[in-house]
Amino acid sequence: MNYRFHNLLGAPYRGGNVVITQNTQLISPVGNRVSITDLLKSQTITLPLQSSSNIRRVAASPDGTFLLTVDENHRCHFINIPRRVILHRINFKNAVNALKFSPDGKFIAVAAGKLVQIWRSPGFKKEFFAFELVRTIADCEDTVTAIDWSLDCKYLLVGSKDLVARLFCVEKLKDGILNKPFLFLGHRDNVVGCFFGYDKKNTDQVNKVYTITRDCYIFSWGYSGNNDGNSDENDEGNSEPASPGTPKRDGEGNVNGESLGNVKKRKDFDGKDLGEEGYLHKRKWELLRKDGFMQSPAKLTACTYHRGLDMEVVGFSNGVFGLYQMPDFVCMHLLSISREKITAAVFNESGNWLVFGCAKLGQLLVWEWRAERYVLKQQGHYFDVNCLTYSPDSQLLATGADDNKVKVWTVSSGFCFVTFSEHTNAVTSLHFMANNHCLLSASLDGTVRAWDLYRYRNFRTFTTPSSRQFVSLAADQSGEVICAGTLDSFEIFVWSMKTGRLLDILSGHGGPVHGLIFSPTNAVLTSSSWDKTVRLWDVFEGKGAVETFPHTHDVLTVVYRPDGRQLACSTLDGQIHFWDPIDGLLMYTIEGRRDIAGGRLMTDRRSAANSTAGKCFTTLCYSADGSYILAGGSSKYICMYDVADQVLLRRFQITHNLSLDGVLDFLNSKKMTDAGPLDLIDDDDSDTEEGVDKQTRGKLGYDLPGSMPNRGRPIIRTKCLRIAPTGRSFAAATTEGVLVYSIDESFIFDPTDLDIDVTPEAVEDALDEDQPNRALILSLRLNEDSLIKKCIFSVSPLDIPAVASSVPYRYLQRLIEAFSDLLESCPHLEFVLRWCQELCKAHGNSIQQNSRNLLPALKSLQKAITRIHQDLADTCSSNEYMLRYLCSSTNK
């Protein structure tokens, strides 16, 4: 019952920028949450942290330990990624369009509106207010759009919408020197990106500046003069006359690749003041070349630069991206991802992978440009997820949505591995067959399709004589009969799975058949309809409706308890009725109107407490043992009830995202104006922010006049709930995506990870102090085979269960490999088998959920056990008669 948020599926990316840490960890915002994808292990997790609204910008520290997120309400979270906790919070006054850590991780540059604020980065220590504002730069005339640090953390390059890029010095200058920025002028549109270029011979020294504009042009800036740093500096110092009447050129000088390094050395060690010419922003920069990307009328929406490779990647609003070698502007690749705007582009640290994001499609791609292949290609559903179902072994999860697609996900990794797009209308219901390799889907296009998960194809299609819209689906336990309920004709169609032939049409309902399920124990089909009835049908005998359970309100859904001795249905008045299907008696009733009551919509004229809309359950799901039931509907809550006592056990709030409608119980009266609520007044600029195109209902083709009264803000609701057959997790299809809640602890913080002294001596000390548990974990961390085996044998047989249960999951594979190796040569057979047994008891569910990752180690263990079993069996069979003789002789 202790379910916790585990992962978010169905929406890999929804807007904002993405970052890569430690060369392989891809961090992307998903609504008001953050997902981290391991590109080597092909595994994604979603942090159990929420912002107050959709995340707009993220930035990671250079070592990948800290993460900074800023949402649409300008609220910032400072997160410790390994520990998965929020360390500090701060609220910026203006919208943040750019965010970046300094290369040494000590400072954070924040572009808040027209201001550039430099904050000192908080650390691990506890402070009352950890953020310290070091400097505020207010030279920009319009919104700042791009920021880049120099490697020595002394200079900042800032691009803004006033068509100017500025070079600032972060440090305080000597007395008498004006600390004014250098202005890079000549742009005709907003500056989307600005980057420092470095000398290839000495990669720490700046010798170029690149600025990229929205109208698809790149400007390359350099310093005038010779390549020799000292002569260039001296010449410039002698030839530059004082011009007090022109402050823009006052103190400007010349610069080259070596001057910055020399200046720092002289200043730090010799104590000499080099004057204004020693500073980068006081040098004389000039335009070397201006190149066009030739993509008009498209606009440039995303760009990134890799200083080691001197390469530029740009993405455009028409879905095209280009890879260019600088400074000669040689096009390496020019490819199209889609027809929608690319909103994010980033290099990994080594420069071999490119990451692209498309917010409108919910698409995230990682492309290896040298081999020209995809490392990662994930795309969420374009519209809301309508239905989902678990496979019988709980390892796969299938989802169907309004975008006519069926996607199948691996629960342990969070990745979609196949997408079926043959349906031509919304997918309304899904069902996994008992063999685990066949999936059924029903759609409003009038077809029920069967999918083969071996060959990834549609191997059978069930249709009707005249077109119908299917909204419910069921299959019997044997998998021979398929049934589907309709929205328009109020009928139930029955097909044969083997032949695909229509067997029967069940009539009798007077409303749409939204609930359909077979009894788990017999061949009775149960259906629920908006005609206020639940009907039981004997499909195989062909007798029609066997029994009818009447209700006072429309019945929305029906489910069976796993043992088949009880069925539950929810009605429009917010009640859950429990029936005995054998005796036909009403057993219990749960009144859930107060429990499911959600927040207030922006268009509601009544408060949340007085509103009657949405106070009913549209989806139900029994637990694996049938002791409790989960219920969800058009609300921000999922309710868990105890069936026997009819009491509310727990209420899950699926999101705190204020970007969605229906989250707040009370609307802010300050936002009420004479023209109506501020949130409903369309004051957005038609030109959306570059790179922050939000994936909302208003952007998805539904913005016809009068069709979206709340300006396209999605309304929070739960459309489908399913508990895994193992009972260890459940999934909810919500507006935010598919939320997976699990009992299993997905994240275990291992204190030994913080130990610096993980040495063989530490293992020996732990053994001497009679701490076999700690000794085993330390040896597993060291990955020394001899130490691991020594620690295994140091555990007494009575302590094996306790030690086995305390081993972290991450070390299971190494431990199983050690056992398989021991079985090959070790004489202590019973001892090792006892270890294997206790390990399976303690971690059986984790091993099952991640069997694909552990498969090599498990197979080697199985091979070793099978070989020993065969040797023992051969020995015993050959000695069987001798043993019988000895036994009989001893009896005499």
Side-chain angles (χ1 to χ4, degrees), residues 9-10 381 385-401 404-413 415-464 470-485 492-504 516-523 525-526 539-540 559-560 562 621 624 720 722-726 729 731 733 738 848-849 851-852:
L9 308 180
H381 283 290
V385 177
N386 285 330
C387 52
L388 55 87
T389 182
Y390 273 100
S391 62
D393 63 357
S394 303
Q395 295 205 20
L396 304 178
L397 186 70
T399 57
N404 315 341
K405 293 179 181 177
V406 176
K407 290 178 178 286
V408 187
W409 309 76
T410 306
V411 177
S412 58
S413 68
F415 273 37
C416 169
F417 64 90
V418 63
T419 301
F420 301 113
S421 54
E422 277 79 355
H423 281 296
T424 58
N425 208 330
V427 180
T428 54
S429 186
L430 293 170
H431 182 79
F432 255 108
M433 303 298 283
N435 61 8
N436 205 53
H437 304 297
C438 176
L439 176 66
L440 299 174
S441 62
S443 170
L444 294 179
D445 63 3
T447 62
V448 174
R449 296 179 183 267
W451 311 94
D452 183 359
L453 294 183
Y454 276 138
R455 299 175 182 86
Y456 302 143
R457 64 187 180 94
N458 176 210
F459 69 91
R460 189 148 294 143
T461 303
F462 306 95
T463 57
T464 55
F470 294 117
V471 289
S472 55
L473 180 66
D476 72 328
Q477 297 297 310
S478 64
E480 295 179 358
V481 173
I482 311 297
C483 300
I492 301 171
F493 291 84
V494 184
W495 295 274
S496 168
M497 182 66 183
K498 289 183 178 179
T499 64
R501 189 168 57 89
L502 183 63
L503 300 177
D504 198 2
L516 204 60
I517 189 170
F518 269 98
S519 170
T521 54
N522 52 40
L525 176 69
T526 303
V539 177
F540 291 93
V559 289
Y560 261 104
C621 186
C720 188
R722 289 293 181 268
I723 286 186
T726 57
S729 62
V738 179
Q848 182 186 7
Q849 294 294 329
S851 60
R852 299 189 179 189

Sequence neighbours excluded, the answer for ring-ring contact (aromatic ring centres under 6.0 Å, His included) partners of Phe518 is none

Residues at least two apart in sequence or cross-chain that pass ring-ring contact (aromatic ring centres under 6.0 Å, His included) with Trp495, listed by chain then number, are Phe462, Phe470

What is the distance from atom [atom1] of [X] to atom [atom2] of [Y], rounded to the nearest 0.5 Å?
| X | Y | atom1 | atom2 | result |
| --- | --- | --- | --- | --- |
| Thr461 | His423 | OG1 | NE2 | 8.0 Å |
| Leu444 | Ser429 | CG | OG | 11.0 Å |
| Thr419 | Tyr456 | OG1 | OH | 11.0 Å |
| Leu453 | Phe459 | CG | CZ | 9.0 Å |
| Phe417 | Thr410 | CZ | OG1 | 5.0 Å |
| Ser391 | Phe432 | OG | CZ | 5.0 Å |

Donor-acceptor pair, distance only, cut-off 3.5 Å: does the side chain of [X] make one with the backbone of [Y]?
| X | Y | result |
| --- | --- | --- |
| Arg722 | Cys387 | no |
| Asn386 | Val427 | yes |
| Ser394 | Thr726 | yes |
| Asp476 | Val481 | yes |
| Thr428 | Ala442 | yes |
| Arg460 | Gly500 | no |
| Ser472 | Gly485 | yes |

Would you say that [X] contacts [Y] through its side chain, given a criterion of any heavy-atom pair below 4.5 Å between the two side chains?
| X | Y | result |
| --- | --- | --- |
| Ile492 | Leu525 | yes |
| Thr399 | Leu9 | no |
| Thr447 | Thr424 | no |

The side-chain contact (heavy atoms from CB on, under 4.5 Å) partners of Ala475 (sequence neighbours excluded) come to His431, Met433, Leu440, Ile482

Residue set satisfying side-chain contact (heavy atoms from CB on, under 4.5 Å) with Val411, at least two apart, ordered chain then number -> Tyr390, Leu397

Residues passing the salt bridge (Lys or Arg N to Asp or Glu O under 4.0 Å) test with Arg501, sequence neighbours excluded, are none

Of the non-hydrogen atoms in [X] and [Y], which two are nearest, and what is the gap between them?
| X | Y | result |
| --- | --- | --- |
| Ala450 | Met497 | CB-CE, 4.1 Å |
| Ala484 | Val448 | CB-CG2, 3.9 Å |
| Asn425 | Asn404 | C-OD1, 3.0 Å |

Exercise for the section: Please determine, by modelled atom types, if Lys405 and Ser421 share a side-chain donor-acceptor pair under 3.5 angstrom. Expected result: no

So the salt bridge (charged side-chain N to carboxylate O under 4.0 Å, His left out) pairs with at least one residue in residues 421-449 (sequence neighbours excluded) are none

| What class does the angle between the rings of Trp451 and Phe420 fall in, given that below 30° is parallel, 30 to 60° is tilted and above 60° is perpendicular? | parallel

